[in-house]
Amino acid sequence: MKKELIRAHNFNAGPSALPLAVLEKAQEELLDLQGTGMSVMEMSHRSKEYDALHNKAISLIKELLNIPEDYEVLFIQGGASLQFSMVPMNFLAEGKKAGYFMTGSWSSKALAEAKVFGDTYEIASSKASNYKYIPALEDLEYQKDTAYVHLTSNNTIFGTQWQDFPDTGDIPLIADMSSDIMSKPFDVSKFSLIYAGAQKNLGPSGVTLVIIKKSLLEQEKANLPTMLRYSTFAENNSLYNTPPTFGIYMIGLVLEWVKDQGGLEKIYQKNQEKAALIYDVIDNSNGFYVGHAEKNSRSLMNITFRVKDEELEKKFLAEGKARGFIGINGHRSVGGCRVSAYNAVPYESCLALKEFMVEFQKNNS
Ligand SMILES: *Cc1c(COP(=O)(O)O)cnc(C)c1O
């Protein structure tokens with residue numbers, strides 16, 4: 001007898017939930033992908049079957065994000081963390097400076113890597129408030145000779161998200177979108193480079209999506225190692241060496257699912273509804289639950305909060321775990337609670353968590 005499938009209420013911050021339909025499709029194709037008698041992991045990355053999957057993933061990214069013609073879509077390894085280094089290595093030229101927005105731990109790590117390669121400065125920082133908010137778009141100043149400006153679109157650990165992006169004029173804008181790419185529509189043409197580790201909204205870990213404007217690519221520095229140059233990936237359709245084939249295949253399946261859901265407008269609407277369930281509990285709790293992010297900076301992907309006293313918080317996390325809510329403890333660096341409600345987290349999981357939160361408050365007030 002087949003065991004009944006019980007899927008977890010998975011609020012993990014990353015790697016995180018994948019759509020059940022995608023996992024089922026991958027399972028179905030694992031032993032025999034489209035009549036080849038092989039899984040995608042067993043076939044040549046030079047085969048026509050793999051080539052079709054690879055190009056399908058790229059064309060779905062272009063279609064869903066409405067990417068203009070003058071951009072390249074690349075798959076690189078090393079995670080978003082390697083992009084922290086690759087960006088300045090390729091584009092922080094001698095005599096220029098890189099401007100960074102400091103909105104959380106990932107921004108700090110990105111800035112630290114840029115310092116290895118050249119001069120940097122902070123454009124604005126919310127560090128003094130423990131990264132509770134995103135800087136206002138007014139009155140931002142960029143220094144002369146700024147090579148590029150870098151921001152983190154969604155701060156996975158602190159639960160803040162840019163609601164709109166700054167206009168940097170002629171200065172290339174670069175964004176780490178690891179934790180909110182594909183969660184809502186946005187204007188790609190504002191950016192010269194976007195990168196995102198796949199393991200939050202796109203697929204399994206091991207692949208990093210890079211979207212780069214061709215005009216930025218032309219400014220790449222000379223004499224860099226082959227595998228650390230964006231042009232190597234652009235000139236070879238990300239097939240210079242063996243790419244992470246399984247991960248790219250999974251991204252293709254996830255994006256087909258996004259399209260089936262109705263595309264980014266629909267996904268955005270659902271994400272708003274899901275996040276509202278949890279934020280409403282926090283806002284209506286009379287201080288029992290305390291949100292970390294300021295309201296106008298709240299993330300739809302990572303909802304961070306504390307329970308009013310520490311003992312109750314421990315109890316909340318323990319009871320939540322016992323009830324099957326996975327991944328609701330905050331990041332080890334900040335503590336508290338964090339609920340990650342990425343694209344693939346079902347509405348029903350958020351509703352179940354909301355009900356648990358309301359009940360927990362009632363039983364402990
Ligand atoms: C998860 C995450 C990273 C780290 O990604 P890796 O792929 O593990 O290097 C970087 N930036 C943001 C915003 C993240 O959410």
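All values below were derived from every heavy atom in this structure, side-chain atoms included, with hydrogens, water molecules and symmetry-related copies excluded. Nothing fancy with the numbering, it's 1 onward along the sequence. Counting starts at 1 for both ligands and their atoms, in listed order.
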J.: Just to confirm my output: which protein heavy-atom neighbour is closest to atom 14 (C) of ligand 1, and how far is it?
T.: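 Answer, as residue, atom name and distance: Lys200 NZ, 3.0 Å.
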J.: Provide the number and element of each atom of ligand 1 under 4.0 Å from a heavy atom of Gly79.
T.: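 So the atoms of ligand 1 that pass are 7 (O), 9 (O).
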J.: Report the nearest protein non-hydrogen atom to atom 5 (O) of ligand 1: residue, atom name, distance rounded to 0.1 Å.
T.: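 The closest heavy atom on the protein side is Ala80 CB, 3.5 Å.
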J.: Is Thr156 close to ligand 1, meaning an N/O of one under 3.5 Å from an N/O of the other?
T.: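 It does: an N or O of Thr156 is found under 3.5 Å from an N or O of ligand 1.
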J.: Please determine whether a side-chain nitrogen of the Lys or Arg among Glu359 and Arg323 lies less than 4.0 Å from a carboxylate oxygen of the Asp or Glu.
T.: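 Yes, this pair counts.
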J.: Pick one of side chain, backbone, both or neither for how Asn154 approaches ligand 1, counting any non-hydrogen atom pair under 4.0 Å.
T.: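 The part of Asn154 near ligand 1 is the backbone, not the side chain.
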J.: How close does the nearest protein non-hydrogen atom get to atom 11 (N) of ligand 1, and which residue and atom is it?
T.: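 Among all protein heavy atoms, the one nearest atom 11 (N) of ligand 1 is Asp176 OD2, 2.6 Å.
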J.: Taking Glu273 first and then Lys270, would you say they form a salt bridge - that is, a charged N and a carboxylate O separated by under 4.0 Å?
T.: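 Lys270 and Glu273: not salt-bridged.
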J.: Considering non-hydrogen atoms of the protein only, which is the closest contact for atom 9 (O) of ligand 1, and what is the distance?
T.: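 Minimum-distance protein heavy atom for atom 9 (O) of ligand 1 reads Ser81 OG, 2.6 Å.
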J.: Name the one of Phe191, Phe101, Phe186 that satisfies ring-ring contact (aromatic ring centres under 6.0 Å, His included) with Trp162?
T.: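 Testing each of Phe191, Phe101, Phe186 against Trp162, the sole residue satisfying ring-ring contact (aromatic ring centres under 6.0 Å, His included) is Phe101.
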J.: Regarding ligand 1, does Thr152 bring an N or O atom to under 3.5 Å of one of the ligand's N or O atoms?
T.: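 Between Thr152 and ligand 1, no N or O pair is found under 3.5 Å apart.
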J.: Output the list of atoms in ligand 1 that are nearer than 4.0 Å to some heavy atom of Phe84, sorted by atom number.
T.: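 Contacts of ligand 1 toward Phe84, numbered from 1: 10 (C).
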J.: Relative to atom 7 (O) of ligand 1, which among Gln199, Lys109, Met177, Gln83 owns the nearest non-hydrogen atom?
T.: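 Shortest heavy-atom distance from atom 7 (O) of ligand 1: Gln199.
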J.: Does a salt bridge link Lys109 with Asp176, judged by any charged N lying under 4.0 Å from a carboxylate O?
T.: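 Answer for the salt bridge query: no.
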J.: Restricting to side-chain contact (heavy atoms from CB on, under 4.5 Å), what partner residues turn up for Asp32, sequence neighbours left out?
T.: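 So Asp32 forms a side-chain contact (heavy atoms from CB on, under 4.5 Å) with Thr36.
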J.: Before we go on, tell me: are the rings of Tyr50 and His45 under 6.0 Å apart, centre to centre?
T.: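 Between His45 and Tyr50, which both carry aromatic rings, the centre distance is not below 6.0 Å.
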J.: May I ask you to decide if the ring planes of Phe75 and His54 are parallel, tilted or perpendicular, using 30° and 60° as cut-offs?
T.: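 The rings of Phe75 and His54 stand perpendicular, inter-plane angle above 60°.
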